[in-house]
Amino acid sequence: KGSKFERDVCRLLSLWVTHGDRDSVFWRSAGSGSMATRAKAGHSVREVQSGDIAAVDGAGHFLIKAFYIECKFYKNLDLLLFMFKRRGTFARFWAKTKKLALKEGRLPMLICKQNRSGIMLCVEDSGVGQLASMKLFGMNRIILNAASASIRLHGIYFYDLEALAK
């Protein structure tokens, strides 16, 4: 379930950053979540890999260099528990993503899904600011803004990744 989800996320992220032109800019990280240390094509793998996602094309390097991206597909993310008490599965996943992002010197991005729901891209205020200042690869188009979020909750913006990829 997890590896298929990560492949789906890579395809959607690729479509998003290339405005629908390419679907193979990102791929699952080597070891999915582990950090490789060998050099690859003039970049250390660490520079083009971030958490669960790696950029296999230059069009994705800007996103990977700015964000630590964690992918989670779980039966129930306990979103209501997070909404009212800031606890539960989503809260644990977000806390882990923030901790790992800080360790890597990047901003946290959690891409998650629970059964019978869409794929959510979650970033905090600073992540929205970073994305709003970026332009899509080779285009003069803003990649994201706060107003396009589905919801903002406890300082986290939730976006519909499938809608962003269209």
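FYI, the numbering just counts along the sequence from 1.
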Nearest heavy-atom pair of [X] and [Y]: which atoms, and what distance?
X      : Y      : value
Ser29  : Gly51  : OG-O, 2.8 Å
Leu107 : Gly127 : CD1-CA, 3.9 Å
Thr18  : Ala59  : CG2-CB, 4.3 Å
Thr97  : Met109 : CG2-O, 3.7 Å

Identify, with sequence neighbours excluded, every residue that meets side chain to side chain contact (heavy atoms under 4.5 Å, CB included) alongside [X].
X      : result
Leu100 : Tyr68, Glu70, Lys96
Ser117 : Lys113, Gln114
Ile156 : Phe82, Phe90, Trp94, Cys122, Phe158
Arg87  : Leu81, Lys85

Looking at side-chain heavy atoms only, is the closest gap between [X] and [Y] below 4.5 Å?
X      : Y      : result
Cys71  : Ile53  : yes
Leu164 : Leu15  : no
Leu110 : Leu121 : no
Met120 : Asp160 : no
Ile119 : Cys112 : no
Asn115 : Tyr74  : no
Leu63  : Leu131 : yes

Report yes or no: does [X] contribute a side-chain atom to a donor-acceptor pair with the main-chain N or O of [Y] at less than 3.5 Å?
X      : Y      : value
Asp23  : Arg11  : no
Ser14  : Phe26  : yes
Ser150 : Tyr159 : no
Arg106 : Ile64  : yes

Going from OG on Ser3 to CZ on Arg28, what distance comes out if it is rounded to the nearest 0.5 angstrom?
->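 Going from the OG atom of Ser3 to the CZ atom of Arg28 covers 5.0 Å.
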Quick one: do Leu12 and Ile111 satisfy side-chain contact (heavy atoms from CB on, under 4.5 Å)? Show the steps, please.
-> CA-CA 11 Å; Leu12 291 169; Ile111 301 176; over 6 Å; no
Is Leu102 reachable from Phe93 through a run of hydrophobic residues whose side-chain heavy atoms are each under 4.5 Å from the next?
->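 No, Phe93 and Leu102 fall in different hydrophobic clusters.
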Criterion side chain to side chain donor-acceptor pair (under 3.5 Å) against Glu124, the qualifying member of Gln130, Lys98, His154 |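 Filter result, single survivor: Lys98.
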Salt bridge (Lys or Arg N to Asp or Glu O under 4.0 Å) with Asp8: which residues, sequence neighbours excluded?
->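 For Asp8, the residues satisfying salt bridge (Lys or Arg N to Asp or Glu O under 4.0 Å) (neighbours in sequence not counted) are Lys4.
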What residues form a side chain to side chain donor-acceptor pair (under 3.5 Å) with Arg152, not counting sequence neighbours?
->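 Expected list: Asp125, Tyr157.
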Go through the side-chain N and O atoms of Thr89 and Arg92 and say whether any donor and acceptor fall under 3.5 Å apart.
->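 Indeed, the side chains of Thr89 and Arg92 share at least one donor-acceptor pair under 3.5 Å.
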